[in-house]
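Naming: A, B, ... by sequence-line order, numbering from 1 per chain.
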Protein chains: 2
Amino acid sequence: MDSSDSYVLERQVGFVMRRAVQRHIAIFSSLIPEMTPTQFAALAKLCELGQTSQNELGRLTSMDVATVKGVVDRLRARDLVTAAPLESDKRRLMLAPTRKGRALYRKYAQQAAEVTRQTLAPLDEEEQRQLMQLLERLI
Amino acid sequence: MDSSDSYVLERQVGFVMRRAVQRHIAIFSSLIPEMTPTQFAALAKLCELGQTSQNELGRLTSMDVATVKGVVDRLRARDLVTAAPLESDKRRLMLAPTRKGRALYRKYAQQAAEVTRQTLAPLDEEEQRQLMQLLERLI
DNA sequence: CACAGTCTATTAGTACACAAACGAAATATG
DNA sequence: CATATTTCGTTTGTGTACTAATAGACTGTG
């Protein structure tokens with residue numbers, strides 16, 4: 001039996017998802033060139049919550065501890081986020097968006113929703129719902 | 001109007017796909033710890049074709065020129081792939097799997113298909129087909 | 001033939017993403 | 001209360017992914 005029967009690259013979910021993500025990122029960076037999807041996700045979550053620790057932010061945005069540190073460092077370097085150790089628990093680094101960070105989030109929240117619309121544009125509304133639901137069940 | 005109405009992180013395709021890819025990669029590396037999904041994709045395509053230029057391999061596996069170079073370099077370093085400039089067109093770097101590369105591909109082709117099965121396991125067969133078709137239309 | 005445009009590969013730079021290991025701080029348990 | 005465990009953040013190392021710039025090789029057209 002030929003192993004090429006059981007494995008065809010183009011039919012693997014991993015490959016198809018990778019390509020879909022590539023297209024999504026291209027759309028994102030054309031609509032929001034000022035920051036990456038990951039940075040926007042972190043900033044958005046932080047604006048939603050007001051403040052959190054770096055670690056919890058990572059959990060809420062599905063980022064590794066090492067990844068979230070890098071993302072937060074870059075947001076801090078651009079003065080979009082502030083960080084300060086928590087008095088009552090000195091392990092924790094509390095984060096909050098700056099005024100500039102909030103402004104940037106507000107500026108792009110609509111655009112970010114538009115990124116999703118454009119990414120899903122090849123599908124009709126019913127299919128979009130289906131896709132989202134199926135993807136969520138994969139997690 | 002509140003911008004949080006229009007943007008909720010968890011409802012964006014990008015976020016959901018990113019998480020699904022994360023889970024997929026975790027499954028992949030538990031079943032095939034010896035190489036990454038990208039490396040396997042490149043090796044698989046090369047085994048399928050026998051030989052190609054580095055550039056074309058990139059196009060066929062949806063990798064950037066810079067990305068494919070890194071991936072191929074690592075495969076070459078492990079003696080899974082050979083590379084030689086093409087006589088008739090000295091710009092091109094022709095690649096081919098080594099015997100060792102073919103053996104590794106054969107060893108894991110089944111497992112790689114299994115990765116797809118496990119990734120899609122939360123869905124029934126009909127849903128799996130739907131998801132794949134919907135994703136393909138996003139590309 | 002010349003030379004403009006195209007194709008291929010490489011390099012440098014930036015940004016995610018994860019594993020592993022570390023130290024410091026907090027909590028749990030005996 | 002002492003110590004074992006857990007939590008949090010950082011660092012290091014490897015790998016993917018894209019941009020932009022560069023250089024060499026080919027192709028097409030004048």
Novice: What's the shortest heavy-atom distance between B:Ala20 and A:Leu135, and which atoms?
Specialist: CB-CD2, 4.3 Å
Novice: Considering only heavy atoms of chain A and a distance under 4.0 Å, specify the first and last nucleotide of DNA chain C in 5' to 3' order that meet this criterion.
Specialist: C:dA15 to C:dA26
Novice: What is the distance, rounded to the nearest whole Å, between atom CZ of A:Arg23 and atom P of D:dA17?
Specialist: 18 Å
Novice: Check each residue of residues 52-82 of chain A for a non-hydrogen atom within less than 4.0 Å of any atom in DNA chain C, then write out the ones that pass by number, or none.
Specialist: A:Asp64, A:Ala66, A:Thr67, A:Val71, A:Arg74
Novice: Counting distance only, does the side-chain N/O of A:Thr82 pair as donor-acceptor with the main-chain N or O of A:Ala96 below 3.5 Å?
Specialist: yes
Novice: Over all heavy atoms of both residues, which pair between B:Leu43 and B:Pro97 is shortest? Give the atoms and the distance, please.
Specialist: CD1-CB, 4.3 Å
Novice: Round to the nearest Å and state the distance from A:Leu95 atom CG to D:dG9 atom C1'.
Specialist: 11 Å
Novice: What pair of heavy atoms forms the shortest contact from B:Val8 to B:Gln12, and how long is it?
Specialist: O-NE2, 3.0 Å
Novice: Rounding to an integer number of Å, can you tell me how far A:Gln22 CD sits from D:dT19 C1'?
Specialist: 14 Å
Novice: Starting from the 5' end of DNA chain C, give me the residue, A:Pro37 or A:Leu86, whose nearest nucleotide shows up first.
Specialist: A:Pro37
Novice: Within the structure, does a side-chain N or O atom of B:Thr36 lie under 4.0 Å from either OP1 or OP2 of D:dT16?
Specialist: yes
Novice: Of all heavy-atom pairs between B:Val115 and B:Leu31, which one has the smallest distance, and what is that distance?
Specialist: CG2-CD1, 3.7 Å
Novice: Assign each of A:Ser29 and A:Arg92 to its nearest nucleotide of DNA chain D by heavy atoms, then name whichever residue's nucleotide is nearer the 5' end.
Specialist: A:Arg92
Novice: Give a yes/no on whether any side-chain N or O of A:Arg91 is located under 4.0 angstrom from OP1 or OP2 of D:dT7.
Specialist: no
Novice: If you compare all heavy atoms of A:Ala44 against all heavy atoms of B:Tyr7, which two are closest, and at what distance to 0.1 Å?
Specialist: CB-CE2, 3.5 Å
Novice: Between A:Ile25 and A:Met94, just flag the one whose closest nucleotide in DNA chain D comes earlier from the 5' side.
Specialist: A:Met94
Novice: Does one side chain, of B:Glu34 or B:Tyr108, offer a donor that lies under 3.5 Å from an acceptor on the other?
Specialist: yes
Novice: Give a yes or no on whether the ring-centroid distance for B:Tyr105 and B:Phe40 is below 6.0 angstrom.
Specialist: yes
Novice: Do B:Glu114 and B:Gln110 pair up side chain to side chain, a donor and an acceptor below 3.5 Å, judged on atom types alone?
Specialist: no
